[in-house]
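What follows is one structure encoded as C-alpha cells, with my remarks underneath.
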Amino acid sequence: MPAATPAATGNFLWSLVEGDLVSGKHKSPVTRFPPEPNGYLHIGHAKAIYINFGIAQDFKGRCHLRFDDTNPVKEEQEFIDSIQRDVRWLGFDWGTHLYYASDYFEKLYGWAEHLISNGHAYIDDQTAEEISANRGTLTAPGKESPFRSRSVDENLDLFRRMRKGEFPNGTCVLRARIDMASGNINLRDPVLYRILHAHHPRTGDAWCIYPNYDFAHGQSDSIEHVTHSLCSLEFEDHKPLYNWLLDHLPVPSRPEQTEFARLNITYTILSKRHLTQFVRDKHVRGWDDPRMPTLAGLRRRGVPAPALIDFIKRAGVARANSVVDIAMFDACVREYLNKAASRYMGVLKPLKVVIENYPEVQSEELDAVNNPEDPSAGSRKVPFGRELYIEQDDFMENPPKKFFRLSPGTEVRLRYAYFITCREAVKNAAGEVVELRCTYDPATKGGNAPDGRKVKATMHWVSAAHAVNAEVRIYNPLFTRPDPGADGDPVQDLNPASLELVEAKLEPALATANVGETLQFERLGYFCRDADPGLVFNRTVGLRDTYAKTQ
RNA sequence: UGGGGGAUCGUCUAACGGUAGGACCGCGGACUCUGACUCCGCUAGUCUAGGUUCGAAUCCUAGUCCCCCAGCCA
C-alpha cells in the first residue's frame with residue numbers, strides 16, 4: 001500500500017496510476033518524457049511533460065528524460081540541448097535519469113537477432129514501393145512478401161551483413177513476421193530496422209542500420225523499468241505491436257502504454273513539420289520567435305513557466321480530441337502576472353502634452369507604487385516635467401458619450417502626478433492633432449484633489465525630458481483564423497500583422513530592466529525585455545480592455 | 001458491413017447508478033489613482049432513439065457524427 005496518494009486530480013491518468021499503486025501493482029510509478037530531438041519543444045510537449053513529470057512528482061516516483069533518437073537523418077545536437085533547457089525551464093528535473101534510445105542500440109540489435117532466431121522476423125528484399133503496395137489497404141488485406149519464409153540462418157546472415165554495411169540504403173529491411181491480413185495495419189509485418197548510412201549525433205558512424213520507433217520504444221521503456229508509458233492518441237494502434245514485441249523478447253520489465261489526447265489551441269499550429277517550415281521559410285524570426293508556440297518562443301515573449309503549467313492543468317487531460325481557446329491561455333498568463341509583475345509607465349503611441357502653467361525649467365520626482373497587488377514590492381520615483389507624452393488613444397477632440405479620457409476642456413488625472421485639463425489641441429497642416437496644451441492643478445500633487453473633486457479617468461504618461469526610447473514589439477496571433485490549415489496549407493492563413501513594431505517612450509527606470517523579466521506597462525499589458533541589443537520589449541499579452549470591446 | 005478511439009454549457013473539463021459542478025469566453029452590476037485587478041450576478045450543456053432502474057451523463061440495444069491508421073517518420 002502506498003503511504004499516501006495525492007487527492008485525485010480528476011483526470012483519468014492520475015486515477016490510473018493511483019489505482020495501480022493502491023492495488024499494489026506498482027510500488028511507485030516510473031514515467032518518461034521521450035521527445036525526438038528533431039525540433040524545438042512546443043506547448044503541446046508541455047502537456048506531455050506535465051503529465052509525465054507531474055505524475056512522478058505527485059506519486060513520489062520518477063520521470064526519465066529519454067531522447068528517442070532512432071532517426072539520425074532528422075536529429076541534431078542543437079535540439080538535444082534546447083529540449084533539456086526547455087524542460088528545466090518548465091521547472092522539472094530528471095535527476096540522473098537522462099537516457100537515449102541510442103544507448104540501447106546494441107541491446108536492441110541483440111533482441112532483433114533473438115526475434116530472427118525464433119522465426120519472428122525476416123529480412124525483406126522488396127523495395128519500399130513494393131512493401132507499400134503489398135501492405136494492402138484499409139479494407140483489403142496485404143500480400144505476404146516472397147522473402148517471408150527465408151531460413152533463420154539466411155536471415156541471420158543477411159541481418160549481420162546489413163549491420164556490417166554491405167548494403168546501400170533501401171536494399172532491404174528487417175520485418176516482424178506477424179499477420180499480413182491484420183485489420184491493424186501496424187501488425188502487417190512492420191519494418192523493424194532499416195539501412196541508413198547516416199551520421200548520428202551521438203553514435204556517430206558506429207551504425208548503419210537503425211531500429212525504428214516501434215522496435216525501440218517499448219523495449220526502451222522496459223529497460224528503464226518504466227511502469228506507465230503515456231503517449232498521445234495516435235499511438236493507440238501501435239499498442240498491439242508494442243505488446244507483441246514485449247511478448248516475444250526477453251525484456252526485463254513489462255511497461256504499459258496508455259494514451260491521452262494531445263493539446264490543440266485555437267489560432268495555433270502545433271505540428272513540428274509546419275513549425276519547422278515557418279522557421280526554414282522565415283515566416284518567423286526563428287524557433288524562439290515570440291509568435292511561435294515553442295517553449296523558447298513563449299519564454300522569450302515573457303510567459304512565465306508557472307502560468308504555462310497552470311494553463312496545461314486547466315485545459316485538462318482526457319481522451320477526447322479538443323481545441324482549447326487561446327483566451328484561456330491568455331487568462332492564465334494575466335492571472336499570474338497580475339500578482340507578480342512590477343508596474344511601470346510607458347507610452348506606445350506618444351502624443352506630446354505641454355503643461356502651460358508648469359515652470360519651464362522645473363522638474364520633480366513623484367512616488368509611484370510598484371505593484372498594488374504586492375505591497376512588499378515598494379515604490380519608485382518617476383520624473384515629471386512641463387512636457388509629457390500621453391497615449392494618442394487617450395485623447396479625442398470630439399469624444400463620444402462614454403469616453404472618459406482627455407478631450408478639450410476635460411480634466412483627468414495623470415497617475416501618481418496631477419490633475420490636468422486640456423485647453424487646446426494643436427494641429428498640423430494635415431489637420432492631425434500633434435500636441436495638447438494643458439494646465440495642471442498644483443494642489444492635486446500625488447493624484448488627489450484636496451477639495452475632493454473627482455475625475456473619470458486616470459492616465460499613464462512619461463516625462464518627455466526623461467523618457468527613454470525603446471522598440472516595442474507587439475505580437476498578434478500568427479494566424480488569421482482559429483483553425484489555421486483547415487483549408488489546406490496553414491501558410492496561407494498566416495497573419496500579415498502578427499508583428500507590429502512601435503517606437504515607444506518609456507519611464508527611465510525601464511532603461512535598466514532585466515532581460516527576461518516580465519513587467520506591466522500600466523493600462524497596456526505585460527512586456528518583457530528582449531536580449532536583442534538596445535532597449536527592446538516584447539509584449540507578452542495585453543491587459544483586458546472592456547472599453548475597447550465596446551468600440 | 002478493415003481496425004482502433006471519442007462525443008457533457010460557445011470552449012475546455014468534472015461526475016465512477018443518487019441535486020449536471022468548475023474554469024475560460026460573453027453579458028450585467030459594484031468597486032477603483034490601471035476602463036486593469038477584485039467582488040457579485042446572469043446566460044448556457046449530457047449526440048439521437050429506444051430499453052433496464054425507484055432513479056441514467058453513467059448500464060444495455062440500435063443509430064448519427066468526429067478523430068487516428070495504408071513511412072524503410074516519431
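Chain naming here is simple, since letters A, B, ... match the order of the sequence lines and numbering starts at 1 in each.
Residue Val455(A) is out of contact with every strand shown, counting any heavy-atom pair closer than 4.0 Å. Residue contacts for Phe12(A): at a heavy-atom cut-off of 4.0 Å it reaches no nucleic acid atom on any strand shown. Base contact: Gln520(A) has a heavy atom under 4.0 Å from a base atom. Using a 4.0 Å heavy-atom distance criterion, Lys402(A) is classed as a base contact. Contact annotation for Thr546(A): backbone-only contact, meaning every heavy-atom pair under 4.0 Å involves sugar-phosphate atoms and none involves a base. Within 4.0 Å of Glu236(A), counting heavy atoms only, lie sugar-phosphate atoms of the nucleic acid but no base atom. Residue contacts shown for Asn448(A) include a base, since a base heavy atom lies under 4.0 Å away. Among the heavy atoms of the strands lying under 4.0 Å from Arg343(A) is at least one base atom, whether or not backbone atoms are also near. Contacts of Arg319(A) with the nucleic acid, taken as non-hydrogen atoms under 4.0 Å apart, involve only primed sugar atoms and P, OP1 or OP2. Ile131(A) comes within 4.0 angstrom of a base, heavy atoms only. At the heavy-atom level, Glu75(A) lies nowhere under 4.0 Å from the strands shown. Among the atoms of the strands shown, base atoms are found under 4.0 Å from some heavy atom of Val173(A). Using a 4.0 Å heavy-atom criterion, one finds that Thr266(A) contacts no nucleic acid atom at all. Among the protein residues, His460(A) comes within range of no part of the nucleic acid, since none of its heavy atoms lies under 4.0 Å from any strand.
Nearest to the side-chain atoms of His238(A) among the listed nucleotides A74(B), C73(B), A14(B) stands A74(B). Minimum atom distance to the side chain of Asn338(A) is reached by C37(B), of the listed C37(B), G35(B), A7(B). Comparing A74(B), C72(B), G2(B) by their closest approach to the side chain of Val191(A) singles out C72(B). Side chain of Asn11(A), nearest nucleotide from G35(B), G71(B), A14(B): A14(B). You'll find that the side chain of Pro372(A) is closest to U34(B), out of U34(B), A36(B), G6(B). Looking at the side chain of Asp237(A), the nearest of the listed nucleotides C25(B), G5(B), C69(B) is C69(B). For Ala320(A), the side-chain atoms get nearest to G6(B) when compared with the rest of C25(B), G6(B), C72(B). Nearest nucleotide to the Glu36(A) side chain, out of C24(B), G6(B), A74(B): A74(B). Among the nucleotides C68(B), G2(B), G35(B), the one closest to the side chain of Glu234(A) is C68(B). In this structure, of A74(B), A36(B), C12(B), it is A36(B) that holds the atom nearest to the side chain of Arg544(A).
Pairing for C16(B) is absent, with no Watson-Crick or G-U wobble pair whose two atom distances lie under 3.5 Å. Nucleotide U32(B) has no partner under the Watson-Crick or G-U criteria, as no pair reaches both atom distances under 3.5 Å. In this structure C47(B) sits in a base pair with G63(B), meeting the Watson-Crick or G-U test at under 3.5 Å. Summarising the base pairing, U52(B) is matched to no nucleotide, lacking a Watson-Crick or G-U wobble pair whose two defining distances lie under 3.5 Å. In this entry G26(B) has C42(B) as its Watson-Crick or G-U wobble partner, both defining distances falling under 3.5 Å. Across all strands shown, A57(B) remains unpaired; no Watson-Crick or G-U wobble contact has both distances below 3.5 Å.
We find that CD of Glu130(A) is positioned 15 Å from P of G71(B), with the value rounded to whole Å. Put simply, CZ on Phe329(A) is 16 Å from C1' on A23(B), counting in whole angstrom units. At whole-Å resolution of the value, CZ in Arg314(A) and C1' in A23(B) are 7 Å apart. As rounded to whole Å, 17 Å separates atom C1' of G35(B) from atom NZ of Lys454(A).
Comparing A62(B) with C67(B), their C1' atoms sit 22 Å apart, to the nearest whole Å. Spacing between C16(B) and U58(B) at atom C1', rounded to whole Å, works out to 7 Å. Here, A56(B) and U46(B) have their C1' atoms 10 Å apart, quoted to the whole Å. Rounded to the nearest Å, the gap between the C1' atom of G3(B) and that of C12(B) is 29 Å. Taking atom C1' in both A44(B) and A23(B), one finds a spacing of 14 Å when rounded to whole Å. Between the P atoms of G29(B) and C69(B), the separation comes to 49 Å (whole Å). Atom name C1', nucleotides C73(B) and G17(B): the rounded distance is 46 Å, in whole Å. Going from the P atom of C9(B) to that of U48(B) covers 10 Å, rounded to whole Å.
In this model, a side-chain donor or acceptor of Arg405(A) finds a partner on the base of G35(B) within 3.5 Å. Asn321(A) contributes no side-chain N or O that forms a donor-acceptor pair with the base of G6(B) under 3.5 Å. A donor-acceptor contact under 3.5 Å is not formed by the side chain of Glu373(A) with the base of U38(B).
Tested against Phe537(A) for a side chain to side chain contact (heavy atoms under 4.5 Å, CB included), the candidates Leu348(A), Thr518(A), Ile474(A), Leu506(A) yield a single pass: Leu506(A). No option in Phe105(A), Tyr104(A), Tyr109(A) other than Phe105(A) meets the ring pair (Phe, Tyr, Trp, His ring centres under 6.0 Å) test with Tyr210(A).
Shown here is Arg262(A), whose CZ atom has no more than 12 heavy atoms of other residues, nucleotides or ligands within 6.0 Å.
Ring-to-base geometry places Tyr547(A) in a stacked arrangement with G35(B) (centre distance under 5.5 Å, plane angle under 30°).
Classified by interplanar angle (parallel below 30°, tilted 30° to 60°, perpendicular above 60°), the ring pair His217(A)/Tyr242(A) is tilted. Using the six-membered ring where Trp is involved, Tyr100(A) and Phe67(A) have ring planes that are parallel, under 30° apart on the 30 and 60° scheme.
Base orientation for G71(B): syn, the chi torsion being within 90° of 0.
By the 6.0 Å and 45° rule, Arg380(A) stacks over the aromatic ring of Tyr344(A).
Between Gln126(A) and Asn134(A), the side chains place a donor N or O and an acceptor N or O closer than 3.5 Å (distance only, hydrogens not considered).
Judged by distance alone, the side chain of Asp367(A) and the main-chain N or O of Lys381(A) form no donor-acceptor pair under 3.5 Å.
Separation of the Trp14(A) and Tyr50(A) ring centroids falls under the 6.0 Å cut-off.
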